[in-house]
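A note on names: the letters A, B, ... follow the listed sequences, proteins ahead of strands, and every chain is numbered from 1.
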Amino acid sequence: MASRFNALKADAAWQKVWDDRATFAADDTSTKPRSYVLEMFPYPSGKIHMGHVRNYTMGDVLARYRRMTGMEVLHPMGWDAFGMPAENAAMEKHVHPGGWTRDNIATMKAQLKRLGFALDWSRELATCEPEYYGHEQALFLDLFAAGLVYRKESSVNWDPVDMTVLANEQVIDGRGWRSGALVERRKLSQWFLKITDFADELLEGLDGLEHWPDKVKLMQENWIGRSQGLQFRFKLSDGGAVEVFTTRPDTIFGASFVAVAADHPIAQALAAENPAAAEFIALCKRGGTTAAELDTQEKLGFDTGITAAHPFDPAWQLPVYIANFVLMEYGTGAVFGVPAHDQRDLDFARKYDLPVRRVVSDGDVTDPVFEGNEAATGPGTLVNSHFLDGMDVEDAKRTVIARAEGEGWGTGSTVFRLRDWGVSRQRYWGTPIPIIHCDACGAVAVPKDQLPVVLPEDVSFDIPGNPLDRHPTWKHVACPSCGGQARRETDTLDTFVDSSWYFIRFASQPKDKPFDRAVAEQWLPVAQYIGGVEHAILHLLYARFWTRALKHIGLLDVAEPFAGLFTQGMVTHETYSRQITELGSDGVDSITKPLWLSLDDIVRNGDGWTEKATGEAVTVGRVEKMSKSKKNTVDPTGIVDQYGADATRWFMLSDSPSERDLPWSESGIEGSWRFIQRLWRLFDGERAGEGGSKNAALDRKLHQSIAGIALDIEALSFNKAVAKLYELTAAIERAEPSASRDAAIATLMRLVAPMAPHLAEEAWAAAGNQGLIADAPWPKVDAALLVEDEVTIAVQVNGKLRDTLTLPKGHPSDAVEAAALASDKIVRILEGKAPRKVIVVPDRLVNIVA
RNA sequence: GCGGACGUGGCGAAAUUGGUAGACGCACGGGACUUAAAAUCCCUCGCCCUCAGGGUGUGCGGGUUCGAGUCCCGCCGUCCGCACCA
């Protein structure tokens, strides 16, 4: 007699069995085909959230499925454990960042285990432990030795009250998010990694990443931002020269001014002797950098009085401006303006009444006088341009570059938007940069036998500033080179460095070095990497860079770290709020804003909701990403305790496609729970026993399901796999007892095993099988059963469905046509008239054109 | 502003190369079982009409085709990324 599936008991029992037997430990020496399945490792912020559950469930299903297909699967888990939240917690709660982080790891590890993920916990790592970051320091020094690390002055957001550096997102309206103090730009000497050395490779490597989403590749492409053009010199009237970069050398005869950035040496030199210039430069720097401000900001210039000689006509002198729209960080920090064919230049020229000369014609108009306020940026034919006249834009570009190179005043060049990666952070909770500063010897690498440089634990956060900097002894060391008094670097590494190689350490983790090359290369690249799209640029680009840098210095022969990438959608939920009115920041006007309410704060009231505390009506808002600020989170712990791990996992996979957002709903998780129970009733029910009859239709349905589900799982289309499982389950339930039905039930256990592993193990054991279903092979498909012997053929008249026919597969076309024309419905519709044309698509449809 | 994605029932969604739109799930409604409830099972479920039938329907307007959710052109809307990039 069928019982109820006791998820709580089964979950714990099978999790213990998997643990005890180390079922999911990956074997480095295996001869099976390998697959490395990885989800982006979590930051140990406190507790896991639904987004983690969804992410790790997807990877888990793929990992378990691939194990069943006979692969040796590496599926590890660890902790991206350095970062600011730990320091914030230290300040707010007066705890140690290390203690706080390690407590969180313990909590979250227990939560992940509770979900029964098929993880190789023997490879667990936390980036905050010296056993990890010591090796990172060694790799940093290798890159340093190879010339890929350098030091330069760079400005940071400095909070003068907290005495700390702020990330851009911590600066709100020009003030520190915590202190509220006006943020200053401060120049600090910082460490950089030469990612720009790899800009071309990183860009071109994208082409080979067939199993990456186009969207992510495009984002990286734009981020790297390669532009090809001409870099050349204008001779100036004061005897100097200015280098400019352009992607439109073809428009050179349309030039009407030269503009330099406020930070440009020419501008700076002028400011030193000209107060008006200095004032203009100060004005440029005052402007905000937010999107809205840039959009509305007027193009402003300051005429330096200097002129530049046109390279093709020294008598033609162009005015040189300092302009607020020219960026020192891009190209050469100077441009020449062609108003007719660049919108920004046109705005500028109209404001300062500069010539606007047409040099590209997109049709009949060749008049050198360009009217209107909309620049012509499209393709066309060169006009009013001497030797370029009549050429198309691309030809003209090549011609000008060739002339410039021939005459020695310019070169064809490539400019990237990508900047070098600044890795210095003026923070405690990160990997110490293994460098010692000596007045005599400069920046000296810590000798490798002195690694790891361990973070001191005896620090406090009671007063502002970097605790490493004010630690009484830590930074005072002898210079490894000359033995004199020296200082340790007190900056730590950006946490993106930690996550740029953790996947290599998972693959191989010897004690004495970062990784064993041969072992790591057996696993890499990661076959399938799964995570949020928010990491589309920085993390994924840095990891690609780091891997290439290791290849460059001969440590690892892998070019791309992640062969397959999947970006999953978020878990979303309705939001609930009621409007409240409070005094605005000016202390006079009152403002109305939503007060967000959690599900615990509200109660159902007919079709709507009311707030428990006040009884006031609650507005149901948009479905949004679960977040603490909107109070629309659902804690996975409570859900798993109530419904069990399998129902929770099942819901994460059902309904929505993996790449799209998944709206959380109470009825959805209940539906999943009901299905888990329904499966259990089937598994635990009566069997017909041996010798029962065959059921050909069910056999066919089963084998079609096996094949389809396998394809769906490989494509991470779990919602489709789930739908097929529902269909198969319903078909089995409907079928009369038979040997076919028994076989289908036994096979169904294995089909659901990757998704509902606890239920599957319980059923597998109850059915008297030996061993674990986790180790059982994926069912074999009988290819003969995949083809239907009968097909339903649609009969259309003028493309409209009028009837269907059931005929044997492969029925001759003329016979199908005859059958269609003989149909009662078709005869009635045609009213005896002969069809003009009949189209027969074999085994699919007949379309009669009347 | 530039680049990209997406628009299908009350909701989440399916639909292999253009070939039966809405599989599967959720919700709603009806029924069975029960003293009752829970659980379970069955049925209906895009919209409209004159309902054993017919019309209409994949954001809107055109087009190509025997045939368009799918291809092309033009709009509208939503979301994401980048942002004075020369």
### Message
Once you measure the plane-to-plane angle for H535(A) and H539(A), does it fall in the parallel (<30°), tilted (30-60°) or perpendicular (>60°) bin?
### Response
perpendicular
Kindly indicate whether the side chain of K299(A) and the base of rC84(B) share any N or O donor-acceptor pair separated by less than 3.5 Å? yes
Within less than 4.0 Å of OP1 or OP2 of rG4(B), is there a side-chain N or O belonging to N222(A)? no
Table of protein N/O atoms under 3.5 Å from nucleotides 64-69 of chain B N/O atoms:
{"unit_1": "rC66(B)", "atom_1": "O2'", "unit_2": "N847(A)", "atom_2": "ND2", "d": "3.2"}
{"unit_1": "rC66(B)", "atom_1": "O2", "unit_2": "N847(A)", "atom_2": "ND2", "d": "2.6"}

**Message:** Regarding R802(A), tell me which of base, sugar-phosphate or nothing describes its non-hydrogen contacts under 4.0 Å with the strands shown.
**Reply:** sugar-phosphate
### Task
Would you please test T572(A) and D661(A) for side-chain hydrogen bond (donor to acceptor under 3.5 Å, both in side chains) and show each step?
CA-CA 7 Å; T572(A) 58; D661(A) 290 350; 5.3 Å; no
Expected list for residues 721-734 of chain A near RNA chain B, using heavy atoms below 4.0 Å, is A723(A), Y726(A), E727(A)
Heavy-atom nearest nucleotide on RNA chain B taken for K215(A) and for S227(A); more 5' hit belongs to K215(A)
Among rA86(B), rG54(B), rG3(B), the one nearest any side-chain atom of F245(A) is rA86(B)
Quick note, R678(A) side chain, CB onward, closest among rC41(B), rC84(B), rG19(B) is rC41(B)
Expected list for residues 653-661 of chain A near RNA chain B, using heavy atoms below 4.0 Å, is D655(A), S656(A), P657(A), R660(A)
Assign the ring pair F253(A) / F312(A) to parallel, tilted or perpendicular, where the plane angle (0 to 90°) is split at 30° and 60°. parallel
Whichever of V841(A) and V326(A) has the more 5' nearest nucleotide on RNA chain B, that residue is V841(A)
Closest to the side chain of L218(A), out of rU20(B), rA86(B), rG4(B), is rG4(B)
Worksheet item: Any side-chain N or O of R681(A) under 4.0 Å from OP1/OP2 of rA39(B)?
Response: no
query = Which part of the nucleic acid, if any, lies within reach of T792(A) when heavy atoms closer than 4.0 Å are counted: base, sugar-phosphate only, or nothing?
reply = base
Requested in this report: Applying salt bridge (charged side-chain N to carboxylate O under 4.0 Å, His left out), run through E727(A) and K701(A) and close with a yes or a no.
Outcome: CA-CA 9 Å; E727(A) 283 189 68; K701(A) 180 79 189 170; 3.2 Å; yes
